[in-house]
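Down below is the structure, laid out as structure tokens.
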Amino acid sequence: MARILITSALPYINGIKHLGNLVGSMLPADVYARFRRQTGDEVLYICATDEHGTPAELAALAIGQSVQAYCDEQHEVQKRAGDQFGLSFDHFGRTSRDENYILTQHFAAKLQENGFVEKRTEKQVFSIADDRFLPDRYVEGTCPICAYEKARGDQCDNCGRLLDPTDLKDPYSSVSGSKDIELRDTTHLYLLQEKLQAPVETWVEDHADVWPALTLSIARKWLKEGLRDRAITRDLKWGVPLGDAFGPEMANKVFYVWFDAPIGYIAATKEKYDEWESWWREDKGAEDVSYVQFMGKDNVAFHTVSFPCTIFGSEEPWKKVDTLKSLNWLTWYGGKFSTSEKRGIFMDQALEILPADYWRWYLMANAPESDDTSFTLEGFAQTVNKDLADVLGNFVNRVTRFCKSKFGEEVPDGGEVGPVEEKLFAELDTRIASYTENLHAMEFRKACADLRAIWAAGNEYMQEAAPWTAFKEDPAKAAIGVRVGLNLIKLFGVLSHPIVPFTSEKLLAIFGTTDTSWPTGPAAEILTSLPAGTSFTPPDVLFKKIEDSQVEEWKETFGAP
RNA sequence: UGCGGGAUGGAGCAGUCCGGUAGCUCGUCAGGCUCAUAACCUGAAGGUCAUAGGUUCAAAUCCUAUUCCCGCACCCA
């Protein structure tokens, strides 16, 4: 039995996440976690809300709430949505909890002790009206190059030029609109990443064979350009305070959200488990842990380079990631899903329309693994109708209904395995092996294609076995067809569990079981696990089809182009 | 601008590392079956693999250049 530690990128606290966020990290992590639990491994799947930083402060300000209250509320909203989507976190924590404060301060102290941080003073824009320092992008003004009037201090969206806030003409705070802004000196703590390049580089290259191409190429890109020292503190109120460890002039600052967020993985574990160190400290029991991270491609650099700098700089034996699964973007009709502009479908809205498994299936079957993938409601409806309603749902329906009408509500006895069954067993042996392998490799689209082929194999078998014909001449021959069909339903229930857990539960409930142990023997044996005489309850229609009119309505509702 | 990823029948994708008859799902068309959610099963049509050169007996696959899409690099996360 292996010990598998799984984390998915921490969703930012700023509002409920959209389908792109979901499929980019949390959902594939959940599928993998469920699968590994089924194979008997000891799994710990950890996630948390990432709560610090300017956007959280401003979002709270905008609706007249304290940041704490805002985060409390948003955390609950996200937690509930995760539960409803069947995300099987062992713990869903928060980066604003004490455990994270303590650990973040611990790492910073170690980095200082080991000579990897130093103070540097720089100039930054301060808004007097807002009484806060402004990050570059929160300063707006007229672009010095193209005269666009709403250029941001980091970049002009009109001409695409990179800017400094000081380049802007007539600059103002985008928070309040005030022009009463000035440059002020501010001192920050810098993490000396240049000094940590060597160990990080060695560590990355040690994983060259096991990391996916996308992950590796992003990590190498950053290393090739050379790591730069990075400010790890900010002039904000909401965040992990520096305390008095770095001098009185630093006492009112907080750590940069990107410094404390990945530490949140560890802290979230500590929130719930006294034995947290056995998962995270190689000197305290974590040496046999295999650690898998899931994230969107935008996060890869932070996890392959920045956070490892923190870890290496601590010179302590913290567990580092072994396998890093990175995904591309899901796009909304080819454009961006956007939390700030509310474009696309969000987790709560999705569940108001349809149950979680509809979304889970489509998202995993079309996971953006090799390239950005476009989400369209038309494609969604087509896939769900075909795969879930026609191929899987209809199979369950036809087998249980036929059995009930001819043999009653229990698994019928009689009949011998013949060539039609042998052919099915051979097909399943190949497919189940491939499916298992692809789940292990986290090749989710391929795994879904395998699972779909397994469902389709059921229909092919029924077509050939044709118990409705056999029943007239030779009821025993019909009985074996139905018995195998019912056993297939149970097998589908087990195999489908990682991707569509709610459906899996329903399929197994037909036979009054909840056992999802991964099948290991040959199909010939697996398909006799339900003996003759077992009673069952035919289910209602598993998946209702999506109508064209609904697609049209949703396109309207969600502003599809 | 630099760096990464991508471009394959109407749609979505696999195949590219390790050159050798272009594969899967949907859609379309035809046939079969009738237990089932007008479902399922079988078969067919449809592609000069972004463009232009090159290497080779042979290129979707290797090399060079170009075009277009996405991401990153500064700030935010």
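Lettering of chains follows the sequences in order, A, B, ..., and the numbering in each one begins at 1.
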Q. How far, in whole Å, is B:rA65 from B:rU55 if one measures between their C1' atoms?
A. 15 Å
Q) Within the pair A:Thr469 and B:rC35, is there a side-chain N or O less than 4.0 Å away from OP1 or OP2? A) no
Q: Looking at every strand, decide which applies to A:Asp387 at a 4.0 Å heavy-atom threshold: base, sugar-phosphate, or nothing.
A: nothing
Q) Going by 5.5 Å between centroids and 30° between planes, is there a stack of A:Phe402 over B:rC35? A) no
Q.
Can you tell me which nucleotide in B:rC75, B:rC40, B:rA73 comes closest to the side chain of A:Asp136?
A. B:rC75
(Q) Between A:Glu122 and A:Tyr190, is there a side-chain donor-acceptor contact under 3.5 Å, judged purely by atom types and distance? (A) yes
Q | Of A:Thr187, A:Thr186, A:Thr233, the residue whose pairing with A:Lys253 passes side-chain hydrogen bond (donor to acceptor under 3.5 Å, both in side chains) | A | A:Thr186
Q. Counting any heavy atom closer than 4.0 Å, what does A:Lys446 reach on the DNA or RNA strands: base, sugar-phosphate only, or nothing?
A. sugar-phosphate
Q) What distance, rounded to whole Å, do you find between the two P atoms, one in B:rC40 and one in B:rC26? A) 9 Å
Q: Rounded to whole angstrom, note down the P distance from B:rG6 over to B:rU16.
A: 12 Å
(Q) If you compare every side-chain N and O of A:Arg401 against the phosphate oxygens of B:rU37 (OP1, OP2), does one of them come in below 4.0 Å? (A) yes
N/O-N/O pairs, protein side and nucleotides 2-5 of chain B side, under 3.5 Å:
| from | atom 1 | to | atom 2 | distance (Å) |
| --- | --- | --- | --- | --- |
| B:rG4 | O2' | A:Ser217 | OG | 3.3 |

**Q.** A:Lys423/A:Glu427 salt bridge by N-O under 4.0 Å criterion
**A.** no
Q: Let me know which of A:Trp554, A:Tyr362, A:Trp332 forms a ring pair (Phe, Tyr, Trp, His ring centres under 6.0 Å) with A:Phe380.
A: A:Tyr362
Q) When you compare B:rC63 with B:rU56, how far apart are their P atoms, in angstrom units rounded to a whole number? A) 16 Å
**Q.** Nearest-angstrom distance, P atom, B:rC3 to B:rG19
**A.** 27 Å
Q) Nearest to the side chain of A:Trp468, which nucleotide is it out of B:rC40, B:rC74, B:rC33? A) B:rC33
Q) Once you round it to whole Å, what is the distance between C1' of B:rC24 and CD of A:Glu369? A) 15 Å
Q: Quickly work out the A:Asn459 CG to B:rC40 P distance and round it to whole Å.
A: 7 Å
Q: Using modelled atom types only, decide if a donor and an acceptor are shared between the side chain of A:Asn299 and the backbone of A:Met295 within a distance under 3.5 Å.
A: no
Q. So, the side chain of A:Ser504 versus the backbone of A:Gly493: is there a donor-acceptor pair under 3.5 Å, distance only?
A. yes
Q: Select base, sugar-phosphate, or nothing to describe what A:Arg234 touches, counting heavy atoms under 4.0 Å on all strands.
A: sugar-phosphate
**Q.** Side-chain donor/acceptor of A:Asp229 to backbone N/O of A:Glu194, under 3.5 Å
**A.** yes
**Q.** Touch class at under 4.0 angstrom, heavy-atom based, for A:Thr331 against every strand present
**A.** nothing
Q.
Let's see if you can work this out: which of B:rA73, B:rC26, B:rC76 has an atom nearest to the side-chain heavy atoms of A:Arg228?
A. B:rA73
Q: Give one of base, sugar-phosphate or nothing for A:Val257, where a contact means two heavy atoms less than 4.0 Å apart.
A: sugar-phosphate
Q. A:Gln78 side chain to A:Tyr12 main-chain N or O, any donor-acceptor pair under 3.5 Å?
A. yes
Q. For A:Trp455 and A:Leu488, what are the C-alpha separation, side-chain angles and deciding distance, and is it a side chain to side chain contact (heavy atoms under 4.5 Å, CB included)?
A. CA-CA 9 Å; A:Trp455 296 338; A:Leu488 280 169; over 6 Å; no
Q) Which part of the nucleic acid, if any, lies within reach of A:Trp258 when heavy atoms closer than 4.0 Å are counted: base, sugar-phosphate only, or nothing? A) base
Q. If only side-chain N and O atoms of A:Arg452 are considered, is one of them under 4.0 Å from the OP1 or OP2 phosphate oxygen of B:rC26?
A. yes
Q: Select base, sugar-phosphate, or nothing to describe what A:Ala389 touches, counting heavy atoms under 4.0 Å on all strands.
A: base
Q) Using Watson-Crick and G-U wobble pairs whose two distances are both under 3.5 Å, how do you write the pairing of RNA chain B as dot-bracket, with | for links to another strand? A) ((((((((.[[[[.)....(..]]]].(((((.......))))).....[[[[[..)....]]]]])))))))....
(Q) With a 4.0 Å cutoff (strictly under), does any side-chain N or O of A:Tyr256 reach OP1 or OP2 of B:rA77? (A) yes
Q) CG of A:Leu223 versus P of B:rC72: gap in Å, rounded? A) 19 Å
Q. For the side chain of A:Thr95 and the backbone of A:Ala261, is there at least one donor-acceptor N/O pair under 3.5 Å apart?
A. no
(Q) Using a 4.0 Å heavy-atom cut-off, does A:Phe395 contact any base of the nucleic acid, only the sugar-phosphate backbone, or nothing at all? (A) nothing
Q) Using a cut-off of 4.0 Å on non-hydrogen atoms, how would the nucleic acid contact of A:Asn394 be classed: base, sugar-phosphate, or nothing? A) base
Q) Nearest nucleotide by nearest heavy atom, which residue falls closer to the 5' end of RNA chain B, A:Lys472 or A:Asn366? A) A:Asn366
**Q.** Value in whole Å for how far the C1' atom of B:rG71 lies from CZ of A:Phe337
**A.** 17 Å
Q) To the nearest Å, how far apart are A:Asp298 CG and B:rA73 C1'? A) 14 Å
(Q) Less than 4.0 angstrom between a side-chain N/O of A:Arg398 and OP1 or OP2 of B:rU34, yes or no? (A) no
Q) Starting at CD of A:Glu460 and ending at C1' of B:rC41, how long is that distance when rounded to a whole Å? A) 8 Å
Q | side chain to side chain contact (heavy atoms under 4.5 Å, CB included) between A:Leu236 and A:Arg132, worked out | A | CA-CA 8 Å; A:Leu236 292 174; A:Arg132 62 161 64 236; 3.7 Å; yes
Q) If the P atom of B:rC17 is compared with that of B:rG27, how far apart are they to the nearest Å? A) 33 Å
(Q) Under a 3.5 Å distance rule, please check whether A:Lys325 uses its side chain to pair with a backbone N or O of A:Met442 as donor and acceptor. (A) yes
Q.
Classify A:Gly53 by what it touches in the nucleic acid, base, sugar-phosphate, or nothing, heavy-atom distance under 4.0 Å.
A. sugar-phosphate
Q: Provide, to the nearest angstrom, the distance between the CZ atom belonging to A:Arg445 and the C1' atom belonging to B:rG15.
A: 13 Å
Q: Specify the separation, in whole Å, of atom CH2 of A:Trp361 and atom P of B:rC26.
A: 12 Å
Q: Using the C1' atom as the reference point in each nucleotide, state the distance between B:rA45 and B:rG31 in Å, no decimals.
A: 14 Å
Q.
Go nucleotide by nucleotide along RNA chain B from the 5' end; which of A:Asn397 and A:Ala457 gets its closest nucleotide reached first?
A. A:Asn397
Q.
Could you check whether any side-chain N or O of A:Arg184 sits under 3.5 Å from a backbone N or O of A:Phe126, counting only pairs where one atom can act as donor and the other as acceptor?
A. no
**Q.** Separation between the P atoms of B:rU51 and B:rU67, rounded to whole Å
**A.** 15 Å
